[in-house]
Amino acid sequence: MRLSRYFLPILKETPKEAEIVSHRLMLRAGMIRQEAAGIYAWLPLGLRVLKKIEQIVREEQNRAGAIELLMPTLQLADLWRESGRYDAYGPEMLRILDRHKRELLYGPTNEEMITEIFRGYVKSYKSLPLNLYHIQWKFRDEQRPRFGVMRGREFLMKDGYSFDIDEAAAKRSYNQMFVAYLRTFARMGLKAIPMRAETGPIGGDHSHEFIVLAETGESGVFCDSDVLNLPVPPADIDYNGDLTGIIDQWTSIYAATEDVHDAARFESEVPAERRLNTRGIEVGQIFYFGTKYSDAMKATVAGADGAETAIHGGSYGVGVSRLLGAIIEACHDENGIKWPEEVAPFRAAILNLKQGSADTDAACEALYKELSAKGVDVLYDDTDQRAGGKFATADLIGVPWQILVGPKGLAEGKVELKRRDDGSRENISAAEVVAKLT
Ligand SMILES: Nc1ncnc2c1ncn2[C@@H]1O[C@H](COS(=O)(=O)NC(=O)[C@@H](N)CS)[C@@H](O)[C@H]1O
């Protein structure tokens with residue numbers, strides 16, 4: 001992409017309303033624009049990252065055997081009356097009347113709708129286990145939307161739902177999602193720790209939140225620092241095998257959010273030098289809630305004995321849009337964002353340090369064409385801003401690799417390759433840059 005023809009509205013000054021670094025940097029880097037409280041436009045650079053995050057979530061859901069569909073954002077109020085949550089959900093629910101005065105709502109979550117879909121088609125235990133998910137916008141009329149996309153009112157969520165014949169089978173589905181979440185967040189360059197959690201409006205009695213440690217996180221957390229060094233399950237993990245060993249490994253080490261923290265246990269189990277008490281960002285939460293929705297909505301299947309049996313369910317959410325904020329909180333410095341390669345909006349930025357000079361223009365064009373032809377996502381800063389401005393922009397938007405093309409280097413047949421993460425630089429030929437990045 002040529003920057004001179006892109007749409008990247010960089011802000012020079014720091015927006016005063018932004019309280020945390022990820023919110024400041026997303027606004028300054030031209031990634032989002034607030035259209036209303038807690039409601040954002042996703043500008044081109046932000047959308048590229050959102051799509052990369054979404055794709056990692058999708059790949060790991062599919063790897064675990066979940067099946068993707070897409071449910072609407074709008075839902076009938078009557079559906080929620082069946083489960084009793086229409087009134088229970090409270091002011092967070094955005095209630096809508098259509099032209100025929102029909103009561104609708106903008107979905108904050110989809111347990112009722114997915115259960116309605118399930119009961120419409122699945123009649124036999126032979127169709128189980130089943131895990132259906134979608135990646136869809138949600139609306140929760142938060143009292144205090146803040147911190148940018150971290151706590152929005154309209155936000156993107158992956159929400160998945162499992163259906164099993166009994167609790168034992170449902171716990172296997174739960175464990176599959178537990179493992180899938182460990183892999184998902186690790187692929188984004190995050191250390192997300194699973195912690196026992198309250199279940200809240202979703203219900204049930206068994207839930208884990210996946211928390212990214214960050215000073216600005218909204219959740220208070222207590223954990224044994226050993227949990228930060230546990231191995232993440234490999235890509236070839238057998239999801240149909242016994243996962244309890246992995247689950248036990250991750251849940252036997254103390255880790256709890258403040259609302260379920262057991263101080264006595266923490267003190268007795270965790271040596272003082274390993275006691276971590278910090279804050280964190282909840283990037284995902286998984287729940288087992290048994291027959292809460294299937295009883296209320298008569299979602300039953302004929303069991304092996306022929307008797308109608310209410311299915312045991314679970315739901316599994318990932319804060320897809322929140323993850324942009326969480327990743328920036330974990331990966332930034334004083335100059336801007338440092339995107340992990342897997343989610344970066346572009347892999348490399350070419351900076352022409354003397355725009356309009358025949359030699360640097362030619363070298364940049366050649367590099368841009370060759371890298372693009374090899375499938376590398378490149379942003380070519382071909383604008384006429386001065387070099388210092390180009391350095392600042394590249395550092396701000398956080399692209400992992402910067403290729404600095406200047407007349408002095410070219411005279412020696414070199415360009416400078418800078419790694420955004422640690423600032424390391426090397427003067428090598430354009431051909432070596434291509435070899436390194438492909
Ligand atoms: N207001 C919000 N803004 C941005 N992300 C949010 C917001 N509320 C929740 N999330 C994200 O969405 C994830 C899932 O939300 S949840 O309430 O925990 N779970 C559910 O809604 C379940 N129905 C999952 S299927 C959370 O872990 C969090 O990362």
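Values below: every heavy atom of this structure, side chains too, minus hydrogens, waters and symmetry copies. Read the numbers this way: they start at 1 and go in the same order the structure lists the ligands and their atoms.
- In this structure, a donor-acceptor pair under 3.5 Å is absent between the side chains of Gln385 and Lys390.
- Screening residues 309-339 for ring-ring contact (aromatic ring centres under 6.0 Å, His included) gives no qualifying pairs among residues at least two apart or on separate chains.
- In this structure, ligand 1 sits under 4.0 Å from heavy atoms belonging to Thr109, Glu111, Arg140, Glu142, Val149, Met150, Arg151, Gly152, Phe155, Met157, Asp159, Gly160, Tyr161, Ile202, Glu282, Val283, Gly284, Gln285, Phe287, Ser315, Tyr316, Gly317, Gly319, Arg322.
- Residue pairs meeting the ring-ring contact (aromatic ring centres under 6.0 Å, His included) criterion with at least one member in residues 218-242, sequence neighbours excluded, are Phe222-His261, Phe222-Phe266.
- Side-chain atoms of Asp166 come within 3.5 Å of backbone atoms of Ala169 as a donor-acceptor pair (strictly under, hydrogens ignored).
- Among residues two or more places apart in sequence or in another chain, the side-chain hydrogen bond (donor to acceptor under 3.5 Å, both in side chains) test is passed with Arg347 by Glu341.
- Figure legend: cation-pi geometry between Arg275 and Tyr254 absent, as NZ or CZ is not positioned both under 6.0 Å from the six-membered ring centre and within 45° of its axis.
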